[in-house]
S.K.: 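Got a structure for you, questions after.
Order of the sequence lines sets the chain letters (A, B, ...), proteins ahead of strands, with each chain counted from 1. This structure is a prediction, so every number in the text was calculated from the model and none was measured.
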Amino acid sequence: MIETPNPEEEKNTRSLNFIEEIIEEDIRTGVNDGRVHTRFPPEPNGYLHIGHAKSICLNFGLGKKYHGQTNLRFDDTNPVKEDVEYVDSIMEDVKWLGFDWEDRLYYASDYFEQLYEYAVILIRKEKAYVCDMTAEEISETRGTPTRPGKESHFRTRSVDENIDLFSRMRAGEFPDGSRVLRAKIDMASPNMHMRDPVLYRILHAHHHRTGDQWCIYPMYDFAHGQSDSIEQITHSICTLEFEVHRPLYDWFIREIGLYAPRQIEFARLNVTYTIMSKRKLLELVREGYVNGWDDPRMPTICGLRRRGFTPESIRNFADTIGVAKRDNVIDVSFLEYCIREDLNKRANRLMAVLNPVKVIIDNYPDDQVEEMETVNNPEDESKGKRIMPFSKTIFIEREDFMEDPPNKFFRLAPGREVRLKAAYIIRCESVVKDPATGEIKEIHCTYDPLTKSGMPESNRKVKGTLHWVSEKQAVKAEIRLYDRLFTKENPDDLEEGESYKDYLNPGSLKIVTAMIEPAVLTPQVETGGMTGKFQFERIGYFSMDKDSTPENLVFNRVVPLKDSWAKVEKVK
RNA sequence: UGACCCAUGGUGUAAAGGUAGCACGAGUGAUUUUGGUUCACUCGGUCUAGGUUCGAAUCCUGGUGGGUCAACCA
């Protein structure tokens, strides 16, 4: 008996990642009554990148999978670094990726009053105190990981004095840096984060949401867990570097007496030939190494979007790379595989010649124009067909012709035949060169009228098939050819004295003018994010840039096609 | 001379004490009016040394290697 696989069953038996295992165990044992509620908590101090996409897909994916909810919460506790520009871009990017926080948009700054009251609770329990030491003194007395710290002499202040001082901090009586509120935990703890961490600092800074209402701001550690708790988050998922913060996270929840979310840490995403540090990405933008956050070479979501990536391809990428606790570096070629896979099925084909050389078909009637029919997408019949004009003079790629070709060269060469896709088989008869430079100016060919594509006698086999564009009808377009931003696999892995900027790829952007078949002007009104996305046959996937106008077309190369000929050439 | 976390093919990720599997990659071949796609086959792995067990990638101990932590950043 043959068993037919049940797709439902298959879905259920798919192996779980360690976070899903924890969640399912919690559901099984009735923790939170089986409720699942996650959150994505970015600080609005930069643009989101592909690493955030992993976190977004994880958090929203879990919410969806377990019929729970996912909040979007801005972790906006440091006004000097944050801006509404970033808030807006983050919301746009999350939406574009296909996720919906519905009515659950929150800000840590919404909880400032509540957090203040939590701090007062700790003071009253003698678990927090106002410390007058300078930042330097605090740092010096914190000790080192191997040596215990020293207790602050302000540690023994009375509850009343602490309450008074803390309220005056809030009232703006003290200058920045003069005092902080600290937790009273253990200056000898092996965990540095438990050595009387700072809870509040004085910052006379304008906040993008609360304005000048506050001049004291909670630290991350004092805001994050409590915000999770207020929002009844069940599983607070973050990256590995917060692992050592978890005891503190739990300490605040316990001491204040709040609902306790469970913090789970996973390994952040790294991708070869790029960087993820917000600070460094900001540097590249500020110092003009790239043209803005959405430069198509950037690993930012808006950069990938402008490059031509689809949300589907990024979601698929995030789902496929998996989630675990060990450090990982994903090969950028896997990201490229994900977008090729998507665009292969969904993007219409077009012929475009990026490095044109003229081919003149001597035995073709001078003024004749034929309409050649060709399919828009061989992977999807429903995409229909289009017409390409064919005439006596056409362009082919300069790389598709060699005067003295090696054995495995299946393209045009003197005396050899090739198929012009969707048109005729031609034979190269002669070449015309510039006498001064030796550069080939024209390739003269003859065509075989019996081999017209689709005709009964057109089935003759030749080694190669070339793409082409008719000279007269060709449409010019600016093509931006993008390559990896860095020449080094891991630009963060540096020798003494080096900078990641030393490894910027000088060839990461090349601009050429291409000749494209006239169908490129036909608006491709399509759904599914495929507008302006094409496969230029035999070359790669291209996406119309926002700079493009009907008079001045601009395309970005998303990714080249796999090229096994390039490999053959290399070996040689 | 600390605490915590991690270790499976080149990369990523599974195997909850019982056949080390999947994807990408690489290679070979077939198909192909894209040197694309698709299909078939192949390559290649449990850090190390002990221990427990009928049986260990999995549990225990010791090593080794990597990561995180000493912002009034998140």
S.K.: What integer number of Å spans the C1' atoms of U38(B) and A74(B)?
M.R.: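 Each nucleotide's C1' atom is 47 Å from the other's.
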S.K.: Quantified in whole Å, what is the C1' atom distance between nucleotide G29(B) and nucleotide G65(B)?
M.R.: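 To the nearest whole Å, 41 Å.
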S.K.: Is there a donor N/O on one and an acceptor N/O on the other, under 3.5 Å, for the side chain of Arg340(A) and the base of G36(B)?
M.R.: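 Per atom types, no contact qualifies.
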S.K.: Rounding to the closest angstrom, what is the interatomic distance between C4(B) and U46(B) at atom C1'?
M.R.: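 Their C1' atoms lie roughly 25 Å apart.
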S.K.: Give none if U34(B) has no partner; otherwise give the nucleotide forming a Watson-Crick or G-U wobble pair with it, both distances under 3.5 Å.
M.R.: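 Paired with no nucleotide.
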S.K.: For the pair made of CD in Glu241(A) and P in C73(B), what is the distance, rounded to whole Å?
M.R.: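 To the nearest whole Å, that distance equals 17 Å.
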S.K.: Could you work out the separation of U1(B) and U64(B) based on their P atoms and round it to a whole Å?
M.R.: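 16 Å, rounded to whole Å.
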S.K.: Side chain of Arg195(A), backbone of Asp186(A): donor and acceptor closer than 3.5 Å?
M.R.: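 No, because the side chain of Arg195(A) does not come within donor-acceptor range (under 3.5 Å) of the backbone of Asp186(A).
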S.K.: So what does Ala135(A) hit on the nucleic acid, given a heavy-atom distance under 4.0 Å: a base, only sugar-phosphate, or nothing?
M.R.: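 Base contact.
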S.K.: Would you say Lys567(A) reaches G27(B)'s phosphate, i.e. side-chain N/O to OP1/OP2 under 4.0 Å?
M.R.: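 For G27(B), OP1/OP2 do have a side-chain N/O of Lys567(A) under 4.0 Å.
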S.K.: Given the P atoms of G66(B) and U28(B), what is the spacing between them in whole Å?
M.R.: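 Each nucleotide's P atom is 36 Å from the other's.
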S.K.: Does any N or O donor sit under 3.5 Å from an N or O acceptor when you compare the side chain of His245(A) with the base of A74(B)?
M.R.: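 Side chain to base: pair present.
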S.K.: Would Trp565(A) count as stacking on G35(B) if stacking means ring centres less than 5.5 angstrom apart and planes tilted under 30 degrees?
M.R.: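 According to the criterion (under 5.5 Å, under 30°), yes, Trp565(A) stacks.
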S.K.: Could you state the atom-to-atom distance from CZ of Arg557(A) to P of G36(B) in whole Å?
M.R.: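 It works out to 17 Å between those atoms.
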S.K.: Please determine whether a side-chain nitrogen or oxygen atom of Arg201(A) lies at a distance below 4.0 Å from atom OP1 or OP2 of C73(B).
M.R.: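 Checking C73(B) against Arg201(A), a side-chain N or O does come within under 4.0 Å of OP1 or OP2.
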S.K.: Kindly state whether the pair Phe410(A) / G35(B) counts as stacked, where counting means centroids closer than 5.5 Å and planes tilted less than 30° apart.
M.R.: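 Yes, Phe410(A) stacks on the base of G35(B), since the ring centres sit under 5.5 Å apart and the planes are within 30°.
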S.K.: Are the charged groups of Arg538(A) and Glu397(A) less than 4.0 angstrom apart, N to O?
M.R.: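 The answer is no: the pair does not qualify as a salt bridge.
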S.K.: Between U34(B) and Arg538(A), counting only base atoms on the nucleotide and side-chain atoms on the residue, is there a donor-acceptor pair under 3.5 Å?
M.R.: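 It does not, because no donor-acceptor pair links the side chain of Arg538(A) to the base of U34(B) below 3.5 Å.
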S.K.: Measure across Leu282(A) and Tyr86(A) and return the closest heavy-atom pair with its distance rounded to 0.1 Å.
M.R.: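 Of all heavy-atom pairs spanning Leu282(A) and Tyr86(A), the closest is CD1-OH, 4.2 Å.
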S.K.: Within this structure, what is the CD1-to-C1' distance between Ile330(A) and G10(B), rounded to whole angstrom?
M.R.: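 In whole Å, G10(B) C1' and Ile330(A) CD1 are 13 Å from each other.
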S.K.: Which value, in whole Å, describes the distance between the P atoms of nucleotides G18(B) and U11(B)?
M.R.: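 These two P atoms come out 27 Å apart once rounded.
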S.K.: Within the structure shown, what part of the strands sits under 4.0 Å from Val323(A) by heavy-atom distance: base, sugar-phosphate, or nothing?
M.R.: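 Result for Val323(A) = sugar-phosphate.
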S.K.: Kindly indicate whether the side chain of Glu379(A) and the base of G36(B) share any N or O donor-acceptor pair separated by less than 3.5 Å?
M.R.: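 Indeed, a donor on one side and an acceptor on the other fall under 3.5 Å apart.
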S.K.: For the ring pair (Phe, Tyr, Trp, His ring centres under 6.0 Å) test, which of Tyr249(A), Tyr220(A), Phe266(A) pairs with Phe242(A)?
M.R.: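 Running ring pair (Phe, Tyr, Trp, His ring centres under 6.0 Å) over Tyr249(A), Tyr220(A), Phe266(A) with Phe242(A) returns exactly one hit, Tyr220(A).
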S.K.: Given that Glu21(A) and Ser453(A) both sit by RNA chain B, which one's nearest nucleotide is further toward the 5' end?
M.R.: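 Comparing both residues, the 5'-ward one is Glu21(A).
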S.K.: Ring centroid separation for Tyr424(A) and Tyr447(A), is it under 6.0 angstrom?
M.R.: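 Aromatic pair counts; centres sit under 6.0 Å.
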S.K.: Please classify A26(B) as syn or anti, treating any glycosidic angle within 90° of 0 as syn.
M.R.: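 Anti, angle beyond 90° from zero.
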S.K.: What interatomic distance, in whole Å, is found between C1' of U58(B) and the corresponding atom of G25(B)?
M.R.: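 Result for the C1' pair: 27 Å, nearest Å.
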S.K.: Examine the base of U8(B) for any acceptor or donor lying under 3.5 Å from a partner atom in the side chain of Arg326(A), and report the outcome as yes or no.
M.R.: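 Counting by modelled atom types and ignoring angles, a donor-acceptor contact under 3.5 Å is found here.
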S.K.: Taking atom P in both A23(B) and A14(B), what distance in whole Å separates the two?
M.R.: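 The answer is 15 Å between these two P atoms.
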S.K.: Between Ser458(A) and U33(B), is there a side-chain N or O to OP1/OP2 distance below 4.0 Å?
M.R.: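 Result: no.
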S.K.: Which is more 5' along RNA chain B, the nucleotide nearest Glu341(A) or the one nearest Asp75(A)? Just name the residue.
M.R.: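 Of the two residues, Glu341(A) wins.
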S.K.: Quick check on salt bridge (Lys or Arg N to Asp or Glu O under 4.0 Å): which of Arg142(A), Arg155(A), Lys150(A) does Asp196(A) satisfy it with?
M.R.: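 That would be Arg155(A); it is the only one of Arg142(A), Arg155(A), Lys150(A) passing the salt bridge (Lys or Arg N to Asp or Glu O under 4.0 Å) with Asp196(A).
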